[in-house]
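Heads up, the thing below is written out as structure tokens.
Predicted model only: the values in this text are computed from it and were never measured.
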Amino acid sequence: MTTPCVVIATFSPLQGELEAVREVLTAIIPEVHQEEGCELYSLHEEVDGKLTIIEMWSTRELWRAHSALDTVKRIQAGVAGRLENDVEVWEMYGIPAGDATKGAL
């Protein structure tokens, strides 16, 4: 697929682990920004304490390549034992509508 790939990844830290999970993610994000195809990789904290990364990759293939890199392996190792459940990941593709600057990532 040549359409930009948008990915939402949500981390649910265990009680008392929010800061540690946040530190793991923020330490690695600058490296991810340098990966081929990374157009957006932005960490957000939800009001309930979950952490969500909103990602956009130029193609699905480059997102899949990112998923196999050391940065992702280090994230997985860094959050191991610190989450209530597995990281939830949603892969999606925009459907442009309305104003081109507001209707798609």
Side-chain angles (χ1 to χ4, degrees):
M1 217 174 224
T2 58
T3 306
C5 177
V6 176
V7 176
I8 307 294
T10 299
F11 299 75
S12 300
L14 290 167
Q15 184 74 25
E17 295 290 345
L18 175 62
E19 189 61 37
V21 173
R22 184 187 301 125
E23 286 177 16
V24 167
L25 297 173
T26 57
I28 295 172
I29 285 173
E31 294 176 53
V32 175
H33 287 165
Q34 301 305 311
E35 292 176 15
E36 182 181 4
C38 180
E39 296 182 20
L40 177 73
Y41 201 84
S42 179
L43 181 62
H44 300 269
E45 186 172 338
E46 298 181 34
V47 296
D48 64 359
K50 292 179 184 173
L51 295 169
T52 296
I53 296 177
I54 301 171
E55 312 174 33
M56 186 164 70
W57 297 86
S58 55
T59 67
R60 182 177 198 264
E61 292 73 25
L62 289 172
W63 171 61
R64 300 288 293 163
H66 153 76
S67 299
L69 293 178
D70 180 63
T71 49
V72 173
K73 291 174 185 161
R74 287 179 21 235
I75 289 171
Q76 292 168 337
V79 301
R82 293 184 161 136
L83 302 178
E84 291 180 5
N85 48 38
D86 291 339
V87 177
E88 297 178 81
V89 178
W90 296 273
E91 173 186 356
M92 58 195 80
Y93 299 88
I95 301 171
D99 184 324
T101 62
K102 296 178 182 180
L105 282 175

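- Closest heavy-atom contact between Gly49 and Pro13: O-CD, 3.6 Å.
- Under a 4.0 Å N-O distance rule, the pair Arg22/Glu19 qualifies as a salt bridge.
- Note on Val87 and Val24: same hydrophobic cluster, where clusters join Ile, Leu, Val, Met, Phe, Trp and Tyr whose side-chain heavy atoms are under 4.5 Å apart, directly or indirectly.
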Criterion side-chain contact (heavy atoms from CB on, under 4.5 Å) on Val21 and Leu51, from CA distance to verdict: CA-CA 8 Å; Val21 173; Leu51 295 169; 3.7 Å; yes
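- Across all non-hydrogen atoms, the minimal contact from Ala27 to Pro30 is O-CD, 3.6 Å.
- Under the 4.5 Å side-chain contact rule for hydrophobic residues, Leu62 and Val7 do not share a cluster.
- Atom CD in Gln76 sits 10.5 Å away from atom CG in Leu83 (nearest 0.5 Å).
- Taking the side chain as every heavy atom from C-beta outward, Glu31 and Arg74 approach each other to under 4.5 Å.
- Atom CZ of Arg64 has 12 or fewer heavy atoms from other residues, nucleotides or ligands within 6.0 Å.
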Trace of the side-chain hydrogen bond (donor to acceptor under 3.5 Å, both in side chains) decision for Glu55 with Trp57: CA-CA 7 Å; Glu55 312 174 33; Trp57 297 86; 2.8 Å; yes
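- Separating the CZ atom in Arg82 from the CD atom in Glu23 is a distance of 8.5 Å, to the nearest 0.5 Å.
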Evaluation steps, side-chain contact (heavy atoms from CB on, under 4.5 Å), between Val72 and His66: CA-CA 7 Å; Val72 173; His66 153 76; 3.3 Å; yes
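- Contact between Ala65 and Leu69 at its shortest, heavy atoms only, is O-CG, 3.3 Å.
- To the nearest 0.5 Å, atoms OG (Ser12) and CD (Glu46) are separated by 7.5 Å.
- When each of Thr52, Ile54, Leu25 is paired with Leu43, the side chain to side chain contact (heavy atoms under 4.5 Å, CB included) condition holds for Leu25 and for no other.
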side-chain contact (heavy atoms from CB on, under 4.5 Å) between Met56 and Cys5, worked out: CA-CA 6 Å; Met56 186 164 70; Cys5 177; over 6 Å; no
Chi angles and distances behind the side-chain contact (heavy atoms from CB on, under 4.5 Å) call for Val6, Tyr93: CA-CA 6 Å; Val6 176; Tyr93 299 88; over 6 Å; no
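- Under the 3.5 Å distance criterion, with hydrogens and angles disregarded, no donor-acceptor pair is assigned to the side chains of Trp90 and Glu88.
- Here Lys50 does not pair with Glu45 in a salt bridge; the nearest charged N to carboxylate O distance is not below 4.0 Å.
- Annotation for Ala9 and Val89: closest pair CB-CG2, 4.2 Å, computed over non-hydrogen atoms.
- Environment of CG in Asp86: sparse, with no more than 12 heavy atoms of neighbouring residues, nucleotides or ligands closer than 6.0 Å.
- With hydrogens and angles ignored, the 3.5 Å screen pairs a side-chain donor or acceptor of His33 with a backbone N or O of Tyr41.
- With values rounded to the nearest 0.5 angstrom, Ile29 atom CD1 is found 13.0 Å from Gln34 atom CD.
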